[in-house]
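A short worksheet on the structure shown next.
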Amino acid sequence: MLRSLIIALFVLTSVPAIACTCAKDPKVSKKEEIIDKYERADVVFSGNLIKKELLNKARKRSSGDPVRYTFEIIKQYKGSFSKSTIEILSEASGSSCGYVFSEGLTYLVYTRATSHFNNRFPQLVDDKNAHTTSLCSGNMLRKKVDKKQLRILKRLKAKG
């Protein structure tokens with residue numbers, strides 16, 4: 001009886017775990033996937049990560065806290081900006097769909113202008129249209145970008 005009660009309590013009080021997944025449709029070609037990620041992004045660039053800043057300085061932190069990344073832009077594929085650097089935000093951990101960049105490395109980055117973090121962390125993020133990215137945006141180390149993907153990005157850029 002006690003065993004049944006414990007099992008019932010466990011089943012009734014357990015909460016399903018929610019994790020970040022970037023499910024891909026196996027029917028979609030690599031080219032279609034690249035085009036889709038490009039079209040969803042406001043800015044696409046390759047750049048060196050020069051600074052990483054965790055914005056929540058409190059003792060209590062979450063994997064969903066915003067991290068500000070500053071990149072030195074090497075090449076722009078989409079979007080226009082006059083500065084040689086760009087700041088983007090992402091969640092602190094992949095478990096919350098954040099893309100975790102490492103300082104000193106070069107990346108291909110897809111971002112969107114959104115108020116995502118401003119709505120959730122108005123005390124930490126003052127930009128109502130900050131550039132944000134996630135685990136599912138299409139970011140990758142620049143050295144892992146193949147020639148086919150670069151050709152597609154260059155064609156998309158030329159189309160405007």
Side-chain angles (χ1 to χ4, degrees), residues 19-25 28-160:
C20 180
T21 61
C22 304
K24 294 180 183 181
D25 184 346
V28 174
S29 71
K30 182 175 181 176
K31 180 179 179 180
E32 291 171 321
E33 184 182 341
I34 293 166
I35 292 169
D36 180 59
K37 289 183 185 310
Y38 184 89
E39 289 174 348
R40 289 175 189 259
D42 294 316
V43 174
V44 181
F45 67 93
S46 62
N48 296 321
L49 181 62
I50 56 176
K51 185 178 178 186
K52 177 179 178 178
E53 178 187 10
L54 184 61
L55 298 183
N56 183 0
K57 308 288 189 211
R59 284 185 195 204
K60 268 190 158 180
R61 293 188 182 145
S62 161
S63 64
D65 287 345
V67 177
R68 180 181 293 129
Y69 296 99
T70 305
F71 283 88
E72 176 184 38
I73 298 167
I74 296 172
K75 184 161 181 74
Q76 295 177 12
Y77 295 100
K78 186 176 183 181
S80 61
F81 26 89
S82 57
K83 296 186 207 175
S84 61
T85 61
I86 185 171
E87 291 182 346
I88 64 169
L89 299 171
S90 191
E91 281 82 0
S93 169
S95 62
S96 290
C97 289
Y99 192 93
V100 181
F101 298 97
S102 297
E103 282 186 74
L105 297 178
T106 303
Y107 293 89
L108 174 65
V109 183
Y110 294 77
T111 74
R112 296 185 69 191
T114 176
S115 60
H116 171 73
F117 285 107
N118 182 265
N119 292 339
R120 291 176 47 216
F121 302 97
Q123 71 282 11
L124 299 177
V125 179
D126 57 5
D127 187 348
K128 290 190 188 325
N129 285 309
H131 291 282
T132 63
T133 195
S134 75
L135 191 62
C136 302
S137 297
N139 308 312
M140 63 177 63
L141 282 168
R142 174 60 182 83
K143 66 183 177 185
K144 291 191 175 184
V145 178
D146 62 27
K147 290 178 184 180
K148 179 179 180 178
Q149 184 168 358
L150 287 176
R151 278 194 308 272
I152 293 167
L153 289 172
K154 287 175 185 175
R155 279 191 215 126
L156 290 167
K157 180 182 179 182
K159 283 184 182 179

Check your understanding: Is the Lys NZ or Arg CZ of K78 less than 6.0 Å from the centre of Y38's six-membered ring, within 45° of the axis?
Key -> yes
Review point. Quick one: NZ on K37 to CD1 on I152, what's the gap to the nearest 0.5 Å?
Key: 13.0 Å
Check your understanding: Counting only N and O atoms by type, is there a donor-acceptor contact under 3.5 Å from the side chain of N48 to the main-chain atoms of E72?
Key -> no
Point to revise | Any F45 side-chain heavy atom under 4.5 Å of Y107 side chain | key: no
Point to revise | 4.5 Å side-chain heavy-atom contact, E32 and D36 | key: no
Exercise for review: Taking all non-hydrogen atoms of both residues into account, name the closest pair between F71 and F101 and its distance.
Suggested key: CZ-CD2, 3.6 Å
Review point. Under a 4.5 Å cut-off applied to non-hydrogen side-chain atoms, are T133 and R112 in contact?
Key: no
Exercise for review: Please determine which of I86, I88, I50, L49 meets the side chain to side chain contact (heavy atoms under 4.5 Å, CB included) test together with T70.
Suggested key: I50
Check your understanding: Any side-chain heavy atom of V100 sitting closer than 4.5 Å to one from Y69?
Key -> yes
Review point. Do you know which two heavy atoms are closest between Q149 and D146, and how far apart they sit?
Key: N-OD1, 2.8 Å
Check your understanding: Under a 4.5 Å cut-off applied to non-hydrogen side-chain atoms, are S134 and Y99 in contact?
Key -> no
Check your understanding: Do the non-hydrogen side-chain atoms of S90 and V67 ever get within less than 4.5 Å of each other?
Key -> no
Review point. Can you tell me how far OG1 of T106 sits from NZ of K143, rounded to the nearest 0.5 angstrom?
Key: 9.5 Å
Study note, to complete from the structure: Interatomic distance, CG@L141 vs OG@S46, rounded to 0.5 Å, equals 12.0 Å
Revision key, fill the gap. CD1 of I74 to CZ of R142, rounded to nearest 0.5 Å, is 8.0 Å
Check your understanding: Around atom NZ of K52, are there more than 12 heavy atoms of other residues, nucleotides or ligands at under 6.0 Å?
Key -> yes
Check your understanding: Which of these passes side chain to side chain contact (heavy atoms under 4.5 Å, CB included) with Y110: D42, V43, I34?
Key -> I34
Practice item. Answer yes or no: is the gap between the SG atoms of C136 and C22 smaller than 2.5 Å? Key: yes
Check your understanding: More than 12 foreign heavy atoms under 6.0 Å from NZ of K30: is that the case here?
Key -> yes
Exercise for review: Give, for atom CD1 of I35 and atom CZ of R155, the distance between the pair rounded to the nearest 0.5 Å.
Suggested key: 9.0 Å
**Study point:** Nearest heavy-atom neighbours spanning Q76 and K157
**Key:** O-NZ, 2.9 Å
Practice item. Please tell me if the side chains of L108 and Y77 come closer than 4.5 Å, counting only heavy atoms from C-beta onward. Key: yes
Practice item. Compare every heavy atom of I73 with every heavy atom of K83, then report the nearest pair and how far apart it is. Key: O-CD1, 4.1 Å
Point to revise | K24 and E33 ion-paired at < 4.0 Å | key: yes
Practice item. May I ask you to decide whether R68 forms a salt bridge with E87, counting only side-chain N to carboxylate O separations under 4.0 Å? Key: yes
Practice item. Going by the side chain to side chain contact (heavy atoms under 4.5 Å, CB included) test, name the single residue among V109, L89, T111, T114 that passes it with H131. Key: T111
